[in-house]
Amino acid sequence: MSDTNKEVMDLVWGRPSGGGVPVSLFRRWSQGFVFSEAERSALEQFEGGPCAVIAPVQMHGLTCVLFILTEEEQRTVLCSTLSEILESACLNKTQAFHLATLPRAKTTDSSDITDSHPEPESSQPTDTPTALAAEELGFERFHSVIQKRTLRTVGELREAVLSLYDTWKNKFGVLLFLYSVILTKGIENIKNEIEDTSEPLIDPVYGHGSQSLINLLVTGHAVSNVWDGDRECSGMKLRGIHQQASVGFLTLMESLRYCKVGAFLKSPKFPIWILGSETHLSVFFTKEMALVAPESPSEQARRVFQTFDPEDNGFIPDTLLEDVMKALDLVSEPDYVNLMKSKLDPEGLGIILLGQFLQEFFPNQDSVIPDSFPVYHYNGLKQSNHNEKVSYVEGTALIMGFEDPMVRTDDTPVKRCLQTKWLYIELLWTTERSPSLN
C-alpha cells in the first residue's frame, strides 16, 4: 500500500482502534450517485453517513437544473456538478486535477494509488470496476487497488469525469469522488485548513461527515468553522469562511445556540441551502432569486457589526464603535464618534446595541424579499420520504415582518433551522406531514 493511499485513509477514516473501520460503517459509505425513480433530478442515499457528500452534490446540481431529467441529462448534470466541485477544490488553474479510480484490468493486492492512464477494456465482465466493487472489495482491498489519474486542464477533467459516469453511479462512486476531491485539493493543504488534524473527515463510530468535509464540498475549503473570516482564541487562529459561497448552509445547531453561521454561508449566490440536523443533511431550495439579491447597506452593516460581536450578544463595547464605522466607510472622526456614542448609549452603559446602530445609520430600508414564494425540500434517505420514494416536497414560505399568531404553523426542525435566517418564516407544505430534517 502506497504512502499516498495511507495518508488518504488516515485523513478520511482516522486511525480507529480495535482492528480498523467497522465493516458496517464502510458498507454504509459504499454507494454510488443514484437518481431516484420518483424524482429524476434527486439523488438517493441508501443509509446514514454519505449525506455529507451526496447533499452538497445534490445542492450544486440544483444550480444547473431543477426537476425532470432524461437519462442523458442526468449524466450531463451529475458529471458537470462533480467537475465543478473538483474545480473549486483546485487551488489554482495551473494545478493538476486528480481522479481516484478503480483499475479496469485485474490487479494484485500490491496495487497502489499511482498515476495511471485508462487501461483497455477487458472482455471479461469480472474485470470491470463494477464487478470488482460488487463482488471482491472490502475496506483494505478497495484502498489497495485505487489508482490516481492526473488531468492537466479543465477540459481534460470534464471529459474524464464524463467518461467515468458508470464509475460514479456504481458502488464506491461516492468514496471515489470524495478521494478525487482530496487528491485534487492536496492532503497537506487540507490538513493546513482543518482545525484539529486528529479528527477524521468521517466519524469512525457513527459515520457522519465532519464540518470540514461539508465545507470542503460546499466552498472548496476544509475549514472547521461556519462563521465569516478568522477569529483569535487564546492565541490560536480559528479559520472560517472567507467569501460568499455559491450555495449555502444553515444548521439546527444554531437554533440551539451551539454555533453561529456567518453571512457568507447564510446568504449564498443561489437560493439553495444545506440544512444540517444533529445527524443528517438535507437541502432546502427555491427559484426566488430575490432571496439572494446583492447585500443591502443595512445587511452589510449587520454583518460587519456582528464580526465585532463574535458571541452574538447583540451589542459591542462602545470602544469598538469607531472600528465598526471605519469598516463601513462611515464618518469616523473622533469628535463625531464620541457624539454617536453619547446618542447610542445615553445611559453610559459602555455598550452599543445592534438595533439602535442600524436604526441610526440605516433607517427605513425596505427588504426586497417577497412576502411569499414557492419552496422545496429534498431528503435523500428513502425512509424519510413519503412511501419511501425520494422526491421533492413542495410548499410555500411566508416571510412575516413579525410573529403573527393567525398564520403560525407547526414548530418543526426544518422551520427552526430556517428561522436562523428568516426569524418570522412560516411554511405551508402540500403534503400531510412536514418534511423530515433527519
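By convention here, the first residue in the shown sequence is residue 1.
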What I want to check is whether the side chains of S282 and H377 have a donor and an acceptor closer together than 3.5 Å.
yes
May I ask you to check whether over 12 heavy atoms, not counting those of E37, lie within 6.0 Å of atom CD?
no
Quick one: are S36 and Y378 in side-chain contact, heavy atoms under 4.5 Å?
no
Side chains of H98 and T184: do they bring a donor and an acceptor to under 3.5 Å?
no
For the pair E71 and R75, find out whether any cationic side-chain nitrogen is under 4.0 Å from an anionic carboxylate oxygen.
no
Taken to the nearest 0.5 Å, the spacing of D318 CG from N338 CG works out to 9.0 Å
Does the separation of the ring centres of Y392 and F285 fall below 6.0 angstrom?
yes
A side-chain contact here means heavy atoms from C-beta on lying under 4.5 Å apart; do V393 and N379 qualify?
no
Interatomic distance, CD@Q356 vs CG@D345, rounded to 0.5 Å, equals 8.5 Å
Modelled atom types, side-chain donor and acceptor of T251 and Y258, under 3.5 Å
no
Over 12 foreign heavy atoms within 6.0 Å of CE, M289
yes
Considering only NZ, NE, NH1 and NH2 on the basic side and carboxylate oxygens on the acidic side, decide whether E47 and R27 come within less than 4.0 Å.
yes
Is it true that the side chains of N438 and T279 contain a donor and an acceptor less than 3.5 Å apart?
yes
About how many Å separate CG of N215 and CZ of F249, when rounded to the nearest 0.5 Å?
7.0 Å
How far apart are the closest heavy atoms of K389 and A38, and which atoms are they?
CB-CB, 3.8 Å
Evaluate whether atom CD of Q243 has more than 12 neighbouring non-hydrogen atoms of other residues, nucleotides or ligands under 6.0 angstrom away.
no
Heavy-atom neighbours of D196 CG exceed 12 at 6.0 Å:
yes
